[in-house]
Amino acid sequence: MQILEKLKPLALLCLRLALGVIFSYSGYRKLFVTTATTLADFGHMGLPPYLAYVAGVLELFGAILLILGLLTRVTALLLAVEMGFVLFKVDIPRSGIYAVPNYQFPLLLCVAAFALATVGAGALSVDAGTFERAGKARPKSKG
């Protein structure tokens, strides 16, 4: 399955782009479109309303970082933690553990972001040229 190994950078790019599009849409809506409704919803869930701004900023700017492949591991981990919080504090208590259709989307986002945090951005990213390369041994030059 060498061909699949060669496709790994492209697969990680696609994963970053998909997560980036989804999180940017969600964050943009929280910050600029449905701000009042989002603040009220957070209050009704028993959460401080200012967390709506925190979630919106994390999602919007985290999405930009994911798309660029910059600080990917940290950003993806923060987004995974946020989605885990949504799952265990909001969705599962509201609908029950067996009502998977009611929380399948946040579950998928949580797991996908966590997977990206564990494997990194891949070769087609800003991280590949900066942070991830710094940890690898450089070949010794002959001389």
Side-chain angles (χ1 to χ4, degrees), residues 1-140:
M1 290 300 189
Q2 283 294 93
I3 188 74
L4 293 178
E5 192 62 33
K6 291 179 181 178
L7 288 175
K8 188 161 54 169
L10 180 62
L12 290 170
L13 174 64
C14 290
L15 179 60
R16 287 194 347 258
L17 291 176
L19 286 175
V21 167
I22 293 167
F23 279 118
S24 66
Y25 176 77
S26 178
Y28 180 82
R29 287 186 55 79
K30 279 183 182 75
L31 293 175
F32 302 113
V33 178
T34 60
T35 308
T37 306
T38 304
L39 290 170
D41 288 346
F42 271 61
H44 293 340
M45 290 184 281
L47 301 170
Y50 71 86
L51 282 181
Y53 292 116
V54 173
V57 167
L58 174 62
E59 290 172 11
L60 182 60
F61 292 103
I64 293 168
L65 291 173
L66 285 184
I67 289 169
L68 293 173
L70 180 62
L71 301 172
T72 305
R73 289 179 187 261
V74 173
T75 303
L77 185 60
L78 288 173
L79 290 168
V81 168
E82 178 196 13
M83 287 295 102
F85 181 81
V86 168
L87 278 169
F88 292 107
K89 199 71 171 155
V90 180
D91 289 335
I92 292 175
R94 182 185 295 165
S95 60
I97 191 81
Y98 298 111
V100 176
N102 294 340
Y103 62 85
Q104 63 190 1
F105 189 63
L107 177 64
L108 179 63
L109 290 177
C110 179
V111 172
F114 184 69
L116 197 54
T118 60
V119 298
L124 302 174
S125 68
V126 175
D127 282 347
T130 54
F131 302 111
E132 291 185 3
R133 184 178 295 169
K136 295 180 181 173
R138 293 190 174 97
K140 293 182 182 181

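The model shown is predicted, which means the values in this text are computed figures rather than measured ones.
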For [X] versus [Y], what's the shortest heavy-atom pair and its separation?
X: F42; Y: P49; value: CB-CA, 4.1 Å
X: A113; Y: A76; value: O-CB, 3.3 Å
X: S95; Y: N102; value: CB-ND2, 3.3 Å
X: S24; Y: L60; value: O-CD1, 3.8 Å
X: R16; Y: A121; value: NH1-O, 2.9 Å
X: A123; Y: A128; value: O-CB, 3.4 Å

(message) Applying ring pair (Phe, Tyr, Trp, His ring centres under 6.0 Å), can you list everything that pairs with Y50, at least two apart in sequence or on another chain?
(response)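 If we apply the ring pair (Phe, Tyr, Trp, His ring centres under 6.0 Å) test to Y50, skipping adjacent residues, there are no hits.
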Does any non-hydrogen side-chain atom of [Y] lie less than 4.5 Å from one of [X]?
X: M45; Y: K89; result: no
X: Y103; Y: V86; result: no
X: T34; Y: D41; result: no
X: F23; Y: L109; result: yes
X: L79; Y: L19; result: no
X: L12; Y: L116; result: yes
X: F61; Y: T75; result: no

Hey, could you give me the [atom1]/[atom2] distance between [X] and [Y], rounded to the nearest 0.5 Å?
X: F85; Y: L51; atom1: CZ; atom2: CG; result: 6.5 Å
X: L107; Y: M83; atom1: CG; atom2: CE; result: 11.0 Å
X: L7; Y: M1; atom1: CG; atom2: CE; result: 11.0 Å
X: L10; Y: L4; atom1: CG; atom2: CG; result: 11.5 Å
X: L65; Y: D127; atom1: CG; atom2: CG; result: 9.0 Å

(message) Run the salt bridge (Lys or Arg N to Asp or Glu O under 4.0 Å) test against K8 and tell me which residues pass, sequence neighbours left out.
(response)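 Per chain and number, K8 pairs via salt bridge (Lys or Arg N to Asp or Glu O under 4.0 Å) with E5.
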(request) Can you spot which of L13, L17, T72 makes a side-chain contact (heavy atoms from CB on, under 4.5 Å) with I67? (result)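 Checked L13, L17, T72 against I67; only one passes side-chain contact (heavy atoms from CB on, under 4.5 Å): L17.
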(request) Would you check if the side chain of T35 reaches a backbone N or O of K30 as a donor-acceptor pair within less than 3.5 Å? (result)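 Side chain of T35 to backbone of K30: a pair is present.
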